[in-house]
Amino acid sequence: MKIAIIGTGYVGLVSGTCFSEFGHNVVCVDKDEKKIEALKNGQIPIYEPGLDELVKSNVEANRLIFTLDTAFAIKDADAVFIAVGTPTSRRGDGYADLSYVYAAAKELAGHLNGYTVIVDKSTVPVGTARQVKRIIKGTNPKADFDMASNPEFLREGAAISDFMKPDRVVVGVESKKAEEVLRNIYKPLYLIETPMVVTNLETAELIKYASNAFLAVKISYINDMANLCEKVGADIVALAKGMGLDNRIGSKFLHAGPGYGGSCFPKDTLALSKTAQEHGAGLRLVESAIEINSAQKARMVKKIREALGGSEAGKTIACLGLTFKPETDDMRQAQSVAILPALVDKGARVRAHDPHGMAEAKKMMPEVEYADDAYGACKDADAVILMTEWNEYRALDLDRLAETMKGKIFIDLRNVYEPEVLREKGFQYFGVGRN
Ligand code: UDX
């Protein structure tokens with residue numbers, strides 16, 4: 001099959017590459033000349049494990065092409081996936097900005113030839129696919145096309161395996177013909193018996209938001225519970241284990257921490273709650289999850305201050321990890337960005353390290369100093385914060401750390417270490433939801 005992907009951001013690039021790995025002929029188009037030039041030269045603009053090899057092998061096999069030319073990408077395509085960004089609107093009202101989606105729809109409409117399925121891949125509020133359909137019809141009344149919605153459920157850092165071995169594929173369609181095209185595109189997944197959920201356009205759009213919001217609620221629930229654990233002397237890690245072994249609850253997304261970040265949960269929970277309010281069906285649980293998540297970041301600042309004896313002024317604080325989670329270089333809505341500048345504001349000196357996030361972090365937080373490795377960040381520090389649970393911070397040489405640091409305060413915002421192990425090494429240990 002011939003597939004066009006509009007937008008080579010995270011979702012477009014991963015989806016296009018994986019479709020080509022399935023054996024389809026994929027053309028990815030973007031407006032960003034530098035990005036397309038880099039991709040043509042095998043340079044991947046994001047850090048995603050395994051993606052560079054996959055791009056390289058499919059480009060070499062002539063199944064994956066990058067271009068600036070929309071007409072060329074769309075010509076003869078069986079399906080066109082719209083995978084452009086849907087950031088939070090600049091108006092600051094929490095709504096998703098759909099201008100890129102609508103502009104893509106308008107542009108592609110004129111180039112359609114023969115029957116084509118237009119697929120919304122970007123995370124878009126319910127009703128967007130119908131609006132895209134209206135735009136295409138209005139721009140090119142003769143176009144022979146069907147509209148579809150096919151949300152992605154990729155996690156950064158695990159995107160390739162999430163795409164190749166998904167729990168499910170969700171497809172919103174209005175015709176059997178469009179369903180058939182999408183079934184053919186995802187055929188390789190039948191071999192591993194991936195369920196395909198076929199719905200109408202609105203349901204597919206909402207499944208994505210409802211799933212992300214549910215996971216966000218789960219995280220905020222455990223973070224709220226962590227706060228209670230600290231007050232009553234319970235241990236959140238054991239509590240989450242005790243809860244998670246109940247199959248009805250499940251152990252995933254029950255890790256207490258500094259709150260969720262990233263390009264999806266903060267944006268999608270906000271957009272969903274706005275849509276719900278607009279329809280007079282406010283989602284109070286989702287609204288609470290948003291509130292708890294922002295309070296959690298403030299709680300972390302307070303925790304750090306208290307660990308330092310009530311004031312961070314004049315203290316040197318090391319921070320290990322800056323990205324919103326490990327295995328990505330993505331700093332969007334990273335917890336560190338909410339926490340570290342607040343410490344510097346109160347007179348702390350912060351020195352940080354991250355395996356892949358420092359280039360971006362330097363632009364976002366020039367007030368922070370940066371070190372080449374974990375021990376460099378910890379040199380003569382009064383305290384260390386474990387912000388992001390990169391593997392390389394999971395087995396630190398604690399004797400070396402103790403020698404390197406001036407103070408012996410370990411603030412473990414991801415509950416990676418056992419409190420007793422740190423205490424045996426002479427550290428004061430502060431976790432989230434455990435003492
Ligand atoms: C998420 C969804 O998982 C994915 O299906 C969707 O397509 C995009 O949004 P992603 O943002 O890449 O993926 O990361 P995810 O692994 O879900 O983590 C999101 C945030 O929640 C991170 O900041 C992570 O640190 C935090 N988190 C996650 C917790 O604090 N506790 C947990 O138990 C799980």
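Counting convention: from 1, in listed order, for ligands and their atoms alike.
The contact set between ligand 1 and Glu152, taken as ligand atoms under 4.0 Å from a residue heavy atom, comprises 7 (O). If you number the atoms of ligand 1 from 1 as listed, the ones under 4.0 Å from a heavy atom of Cys264 come out as 8 (C), 9 (O). Heavy-atom proximity to Glu156, at under 4.0 Å, picks out these atoms of ligand 1: 12 (O). For ligand 1, the atoms lying closer than 4.0 Å to a non-hydrogen atom of Phe265 are 1 (C), 2 (C), 3 (O), 9 (O), 17 (O), 19 (C).
Classification of Asp224 and Arg299 as a salt-bridged pair holds, one side-chain N sitting under 4.0 Å from a carboxylate O. In summary, Lys325 and Glu389 do not engage in a salt bridge, as defined by a charged side-chain N under 4.0 Å from a carboxylate O. A salt bridge is absent between Arg423 and Glu420: the closest approach of a Lys/Arg side-chain nitrogen to an acidic carboxylate oxygen does not fall below 4.0 angstrom. Between Lys121 and Glu152 there is no salt bridge, since no side-chain nitrogen of the basic residue lies less than 4.0 Å from a carboxylate oxygen of the acidic one. Ion pairing between Asp235 and Arg434 holds under the 4.0 Å rule for side-chain N and carboxylate O.
The protein heavy-atom contact nearest to atom 34 (C) of ligand 1 is Phe253 CD2, 3.4 Å. When only non-hydrogen protein atoms are considered, atom 23 (O) of ligand 1 lies nearest to Phe324 O, 2.9 Å. The shortest contact between atom 5 (O) of ligand 1 and any protein heavy atom is with Phe153 O, 3.1 Å. If you check which protein heavy atom lies closest to atom 6 (C) of ligand 1, you get Leu154 O, 3.3 Å. The protein heavy atom nearest to atom 31 (N) of ligand 1 is His255 O, 3.0 Å. Protein heavy atom nearest atom 3 (O) of ligand 1, with residue, atom name and distance: Arg155 CG, 3.3 Å. For atom 14 (O) of ligand 1, the closest heavy atom belonging to the protein is Lys325 NZ, 3.1 Å.
Less than 6.0 angstrom separates the ring centroid of Phe410 from the ring centroid of Tyr417.
Side chain of Arg63 to main chain of Asn25: no donor-acceptor pair is present (N/O by atom type, distance under 3.5 Å, no hydrogens or angles).
Residue pairs meeting the ring-ring contact (aromatic ring centres under 6.0 Å, His included) criterion with at least one member in residues 185-205, sequence neighbours excluded, are Phe19-Tyr186.
With a heavy-atom cut-off of 4.0 Å, Leu254 touches ligand 1 through its backbone alone. With a heavy-atom cut-off of 4.0 Å, Met387 does not touch ligand 1 at all. At a heavy-atom cutoff of 4.0 Å, ligand 1 is contacted by no atom of Lys252, backbone or side chain. In Ile219, the part holding a heavy atom less than 4.0 Å from any atom of ligand 1 is the side chain.
When only interatomic distances are considered, the shortest N/O to N/O separation between Gly262 and ligand 1 does not fall below 3.5 Å.
Geometrically, Arg332 does not engage Phe324 in a cation-pi contact, judged by NZ or CZ lying under 6.0 Å from the ring centre and within 45° of the ring axis.
Nearest to atom 25 (O) of ligand 1 by heavy-atom distance, out of Lys208, Arg414, Glu389, Gln335, is Arg414.
With His353 as the fixed residue, the side-chain hydrogen bond (donor to acceptor under 3.5 Å, both in side chains) test singles out one of Tyr370, Tyr393, Trp390: Tyr393. With Val117 as the fixed residue, the side chain to side chain contact (heavy atoms under 4.5 Å, CB included) test singles out one of Val181, Val80, Asp78, Ile185: Val181.
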